[in-house]
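What follows is a short report on a single structure.
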Amino acid sequence: MMRGIHLSLFFFYLLIILITTASSQNRTLWREPVDALVVTDENEFEVINEKKAVYRVHRIIHIYNPRGDKYAVLAISEDKFSTCKDLSATIWSMNGKELKKFKKKDFDVVKFSPGGTLYIEDARTRGADLSWNKHPYKVEYQYEIQYNSLFFWNDWLPQLDIPVLKSSYRLILKNDKTKFNEYYLGDSIAVKESRTKRGKEFYWELTNLEPADEDSWIAFNENVGILFTPIDFILGDYRGRFDSWENIARWYAHLAKDQYQVPPTVKGLVEELTAGIEDDKGKAEALYYFLQKYTRYVAIYLGIGGWQPHSASTVYQKKYGDCKDLTTLMIALLHEAGIKAYPALTPTRDYRLLIDDFPSNQFNHCITCVPLKNDTLWLECTADYLAAGDLPPSVEGAKVLVVSDNGGRIVQTPISKPSENLWKSTVQGSLTSLGALSFSGSILTSGNQALWMRGRLISLKREKRDNWVNRLVGKHAASVNIQYRVVNLDTNYQQPLGMYFEGIANKFAKVSSKRLFLVPAMFNGFSKRSVPDEETRKTPLYFRYAYTDIDSVIIHIPVHYSLEAAPHPQHLQTDFAEYRMDYSFRDSELTYSRFYRLKKIEIPPEDYPAYRTFLQKVSKTDRATFVFKR
Amino acid sequence: MKLFRHGEFLRFFCWVVLGVAVFAWGGQAQTEKFGKVSKAELEMTSIPEAPDAGAVYLFDIGDMKITSDFVLSLERKVRIKILTEEGKESANIRIPYWHEDKIRGIKAHTILPNGKKIKLNKKESFEEKVKNTRFKVFTFPGVEVGSVIEYKYQLTSEYLHYLEPWYFQHEEYTLLSRISVMLPPEFSYTVFFRNVLGVEPTVQDVLRPGRVLKRYSWELRNLPPVKEEPYMRTKRDYLAALHFQLVTYRDPYNYIKFIQDWPDLVAKEWEILKKPLQDKSQKKLVERLTATAATDKEKVQMLYAFVRDSIETTGKGSRWVDKTPKEIMKIKKAKGAEKNMFLVNLLRLAGFDAYPLLISTWHNGLVLVDQPRLTQFNYLLAYVKIGLKEYVFDTRDKFCPADLLPRTDLVDRGLLINEEKGKFVKIPHPRKINMQYCATEAALSEDGSLSATATLRLEGMKAMIFRNRIAKSDSISVFEEFLKNRFPNVEIDSIAVQNFKDMQTPLVVSIRYHVPEFAQVVGDMIYLNAPAMDSYQSNPFKSEHRSFPVEFTSNDAATDKIDITVPEGYHISELPRNYVLKLKGITFLNGWKDQGNKIHFERQFMRRKLVFKPSEYVAMRSFFDQMVNADQGQMVLKQGDDEASPRVQGN
């Protein structure tokens with residue numbers, strides 16, 4: 001009897017262990033706890049003919065806790081070229097009980113294009129929140145999108161920020177003659193080819209995909225999956241062939257060829273604007289500055305309008321447009337002045353880096369390329385406050401497709417030098433024994449540093465702008481009363497942007513009964529937060545641009561105080577950056593200087609630890625307090 | 001003719017997105033004609049009242065009427081002068097409207113400084129939609145600095161009861177704003193003003209076949225924009241506005257009473273809200289849930305906890321309730337307002353005097369009791385009376401104990417909706433202080449690093465906020481972020497959280513951490529400030545002046561008690577001075593004690609006052625200035641004797 005009880009208990013415990021193991025596996029289908037994971041991600045792209053394709057998706061996602069609920073939100077975009085034909089979803093409990101079903105009509109349709117600058121398109125989003133109130137649960141959904149152009153051939157980007165147990169992409173070509181190119185991101189993936197009654201099939205599959213890296217400051221390119229492009233396609237009334245950059249350029253040139261006409265009056269205007277200017281560069285600059293003032297950025301994408309520019313004539317009349325519209329008008333103006341110019345298509349650096357051995361549509365922006373005798377002038381027509389020839393960080397050093405008369409070619413835009421993006425400040429002041437600093441000084445900026453500061457000063461209205469300047473100048477003070485004036489704010493962009501100021505910073509130095517504590521790095525000091533947490537990286541660290549900061553401060557200290565403590569002067573020199581801090585204290589006058597130069601915009605992972613150590617030293621020195629004792 | 005509809009969203013968008021405009025009037029009528037812009041308007045380069053303005057609303061005129069077929073019509077004309085490049089933003093227009101209403105006859109054009117007119121093409125006006133709100137979107141063609149832009153449209157609605165409020169002010173300076181109303185004599189109406197002293201209307205007779213109608217017009221001139229300021233409840237509370245409301249319709253055959261006073265409104269609202277309360281489907285559930293309760297209060301708390309915990313909150317919701325109790329129990333999901341209504345249902349099934357209570361949440365603005373309009377409210381709470389005591393509940397926050405309300409509910413009053421006349425009920429603000437108490441034992445090393453053990457106790461609202469954060473993330477991440485805000489390079493050794501689930505008790509967190517380079521070490525000197533958890537690095541009030549009150553949702557208090565052991569061989573050379581700061585409703589004090597090899601530090605901050613008037617602002621800002629100074633006070637430790645020569649810090 002006892003033996004029977006023991007056996008029963010044994011099997012009971014065994015059962016408990018089995019159940020526990022099974023349920024814990026259920027919870028953690030991944031080797032470590034996760035908020036959610038994709039169990040199945042099936043993608044199918046069926047090419048029916050050169051004008052029709054269907055994209056089908058079937059996905060099952062396990063959601064383990066409220067943090068994972070965001071993966072239960074489904075949003076599908078549609079527009080004139082794509083229509084969602086079939087859509088359903090089900091929420092399941094983990095043991096397979098159906099909790100809720102969604103049909104297509106249960107999904108909200110939103111058509112809204114927010115943004116400070118008006119941005120209108122004919123796209124709409126069909127979406128629903130498929131989350132449930134008890135965790136864990138499963139979400140399963142399937143949908144089908146019909147495209148009326150192969151231009152929108154879906155890529156396969158299976159890696160997410162949660163694990164994916166299995167993802168597949170099935171390509172079905174009803175007609176063997178349909179041609180396409182694929183590009184493997186990272187490692188190649190084995191393909192299974194077969195012939196079925198649906199046509200020629202290609203099948204790729206990946207299992208147990210790790211979540212994507214979460215390094216900060218990385219380029220946005222994915223590194224697992226396949227990019228696709230059709231060789232031949234029809235978009236609207238336009239045929240395209242994407243087998244080479246030359247042909248992609250030809251396609252865009254064809255879309256734009258009839259759009260460069262301007263009203264007859266423009267000729268006279270161009271003559272007037274360029275009168276007395278001898279060289280093409282000077283003429284191009286004059287026309288660019290005219291365009292900056294004359295137009296504003298408004299994007300209206302309807303139908304093929306996302307790819308075909310509006311005519312220069314329309315843009316001239318409306319005085320607004322998106323990047324390719326404004327570029328088209330710019331080129332038309334230049335043509336009127338007898339200067340050749342071309343559109344240059346590019347992905348902005350915050351969107352992706354161009355893969356130049358995979359001719360395809362990778363673009364989201366357009367700038368103007370003006371080949372001159374000895375140089376090339378690049379014009380960013382959407383920027384209102386930029387010197388002609390300067391490029392904003394989003395397109396500097398970017399690979400662009402120049403759409404020229406003979407096709408096109410990929411070239412790289414210039415990268416600005418650290419000395420061109422200069423910040424130079426000088427401050428002279430006098431400190432009281434209560435810690436208040438009376439001061440005057442200036443900040444001169446150029447290049448991208450000026451672009452950043454112009455953006456702030458112009459976009460903020462009076463009181464907010466005053467507050468911003470107060471914070472900029474008086475970040476170490478309890479409060480600041482300051483008067484300032486700015487020169488070259490919305491003119492003379494080739495000249496440094498200057499801010500001249502004077503005022504009083506209350507409690508600029510901290511005061512104790514015997515001492516004054518002063519941090520003279522007024523503007524550009526690195527804080528503890530400037531040092532990234534991650535000790536190593538797998539991906540390079542990217543900066544928007546290289547730059548130089550030069551700050552000098554002269555402060556008169558009350559006469560009865562002597563310098564008790566100060567950080568050691570520094571000179572740190574590396575391949576990627578340079579830092580110098582020096583000071584002297586004579587006749588109650590503290591003279592402090594700081595120099596920081598970021599030389600490179602990309603720091604490879606192997607150099608990252610050295611960069612971090614460098615930054616720690618800089619931050620420590622910048623934060624250090626100068627202590628004066630009575 | 002429709003009387004009611006959902007949606008406060010529209011009203012919000014009216015002033016935020018659309019902006020608004022202007023008009024001339026009376027003797028200047030010719031200048032108001034659409035397309036007829038004066039030379040002075042074309043030549044204007046700035047206005048002295050707002051020299052920095054990017055654009056100025058020359059006029060914004062609304063002409064409202066009820067047509068003979070009982071349709072509400074609003075014709076609006078807006079004229080804007082573009083003064084700067086930045087002002088061109090005003091040429092992007094987005095007009096929101098309710099999906100059942102109609103906008104017709106959009107006409108817009110740009111008039112260049114030389115007088116040339118560029119019209120908006122019909123095809124260049126687009127429609128967008130988000131749920132039940134539609135937007136007409138367009139941008140003016142050919143705009144340049146110096147241009148005058150004009151647009152007009154007609155909005156028609158069958159919802160006579162719901163008339164849009166008229167906001168006279170915009171995000172740019174407004175020279176003239178006017179709203180006119182013309183009604184058939186069968187209608188009577190009432191008008192409410194906000195932030196405007198009573199403005200008498202101009203009355204004009206309008207001849208119509210067979211009768212004379214009256215047009216009433218209210219206008220304001222030279223209106224500066226209202227700026228958003230930090231710690232401001234909502235900008236809308238301070239905008240000059242006119243709310244117009246129909247009261248009755250009477251003809252020989254009909255008498256329709258729209259709204260007259262609060263009891264009328266309550267009666268109408270009760271007719272709608274009582275329906276879900278008649279649902280008895282959850283009777284057994286209530287019996288089961290309250291079976292073990294010993295007192296009425298316990299019963300109420302059990303039902304509150306059930307709704308709060310068992311029904312997932314899918315959003316805040318509005319004052320509208322779509323789901324029945326049966327549906328809510330089936331899908332176990334509902335919006336906050338629906339959950340609260342469900343609680344009212346359960347409480348009534350348990351035999352309590354429970355009712356819905358309408359409120360205007362913090363950011364929706366103050367309720368004006370002298371203006372009976374239900375559109376002032378945007379949320380619904382549960383109200384119950386036990387004996388003589390009144391209780392108010394909001395079940396939407398999973399970590400809100402029964403005696404607290406989420407911060408956005410902490411407003412002055414709510415409107416009780418019942419079968420009688422209803423009444424305004426004062427929202428009980430929690431008596432508890434939202435205390436953050438921290439006791440820290442710390443040791444400083446010779447290299448300036450700090451090792452510490454802190455016990456943090458969070459009470460009231462603060463506990464609720466942190467419990468929510470932990471639920472969304474995890475305790476380690478939450479308190480790591482919390483500590484990093486204070487000590488950016490902190491390294492955390494351990495974190496233990498107690499009482500996470502027990503909402504009746506404070507949330508207690510024990511943290512062991514160390515901060516490399518906490519103190520600055522220079523030769524034989526060490527300089528450091530107090531490692532208090534609550535510490536101000538800078539004054540949150542940057543502006544020198546304030547136009548509107550500073551408003552806080554709830555009280556705030558923090559206490560730190562710290563013992564720091566100084567490194568061996570060092571002695572305390574100097575401690576900062578002690579501070580005692582007092583202002584009405586707000587106090588701060590700190591104190592230092594030299595205890596040989598230890599420094600004892602205490603800091604207390606308490607703010608009980610919720611509103612500081614603009615006249616109190618300068619003193620309050622100065623108070624925070626001094627507090628920042630106190631928090632940045634430096635201790636000085638020294639090894640060996642005092643020296644005169646400067647020390648230089650090593651690498």
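The figures that follow rest on heavy atoms only: side chains count, while hydrogens, waters and symmetry mates do not. Proteins come first, then strands; the chains are lettered A, B, ... in the order of their sequence lines, and each starts at number 1.
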Test B:N485 against A:R529 for side-chain contact (heavy atoms from CB on, under 4.5 Å), laying out the working first. CA-CA 9 Å; B:N485 274 333; A:R529 282 178 196 284; 3.4 Å; yes
Give a yes or no answer on whether the side chain of [X] reaches the backbone of [Y] with a donor-acceptor pair at less than 3.5 Å.
X	Y	result
B:E517	A:K620	no
A:K111	B:E127	yes
B:E574	A:S513	yes

Between [options], which shows the greatest number of heavy-atom pairs under 4.5 Å with chain A?
options	answer
B:I331, B:I311, B:T314, B:T313	B:I331
B:P576, B:G633, B:S473, B:S573	B:S473
B:Q626, B:H545, B:Q537, B:K484	B:K484
B:P488, B:S538, B:A53, B:S310	B:P488
B:V137, B:V143, B:N539, B:I118	B:V143

Heavy-atom contact with chain A under 4.5 Å, split by part of [X]:
X	answer
B:K472	backbone
B:P516	backbone
B:E491	neither
B:L112	side chain

For A:R612, what residues pass the salt bridge (charged side-chain N to carboxylate O under 4.0 Å, His left out) criterion, not counting sequence neighbours?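 A:R612: no salt bridge (charged side-chain N to carboxylate O under 4.0 Å, His left out) contacts found.
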Residues two or more places apart in sequence or in another chain: which of them pass salt bridge (charged side-chain N to carboxylate O under 4.0 Å, His left out) with B:R546?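 B:E229.
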Test item: [X] and [Y] side chains (from C-beta on) under 4.5 Å apart, heavy atoms:
X	Y	answer
A:K318	B:F140	no
B:K333	A:S131	yes
B:E128	A:V110	no
A:Y320	B:K88	no

Mind listing the closest non-hydrogen atom pair of [X] and [Y] along with its distance?
X	Y	result
A:R296	B:N92	NH1-OD1, 2.9 Å
B:E312	A:W132	OE1-C, 3.2 Å
B:V522	A:A565	CG1-CB, 3.5 Å
B:E85	A:Y385	CB-OH, 3.7 Å

Interatomic distance, [X] atom [atom1] to [Y] atom [atom2] [nearest 0.5 angstrom]:
X	Y	atom1	atom2	result
A:L99	B:K330	CG	NZ	11.5 Å
B:F126	A:I300	CZ	CD1	4.5 Å
A:Q317	B:T110	CD	OG1	9.5 Å
A:Q616	B:N489	CD	CG	9.0 Å
A:Y297	B:T139	OH	OG1	12.5 Å
B:Q634	A:K510	CD	NZ	9.0 Å

Which bit of [X] comes within less than 4.5 Å of chain B, counting heavy atoms only: side chain, backbone, both or neither?
X	result
A:D35	neither
A:K293	both
A:V315	neither
A:R124	neither

Salt bridge (Lys or Arg N to Asp or Glu O under 4.0 Å) assessment of A:R67 paired with B:D474: CA-CA 10 Å; A:R67 291 191 299 278; B:D474 58 78; 5.1 Å; no
For B:D625 and A:K507, what are the C-alpha separation, side-chain angles and deciding distance, and is it a salt bridge (Lys or Arg N to Asp or Glu O under 4.0 Å)? CA-CA 9 Å; B:D625 260 0; A:K507 301 186 174 63; 5.4 Å; no
Worked check of side-chain contact (heavy atoms from CB on, under 4.5 Å) between A:D384 and B:E86: CA-CA 10 Å; A:D384 288 337; B:E86 288 305 296; 5.8 Å; no
A:F517 vs B:V636, test: side-chain contact (heavy atoms from CB on, under 4.5 Å). Steps then yes/no. CA-CA 11 Å; A:F517 301 87; B:V636 182; 3.9 Å; yes
One pair to check against side-chain contact (heavy atoms from CB on, under 4.5 Å): B:Y527 and A:V627. What are the steps and the verdict? CA-CA 9 Å; B:Y527 307 93; A:V627 184; 3.5 Å; yes
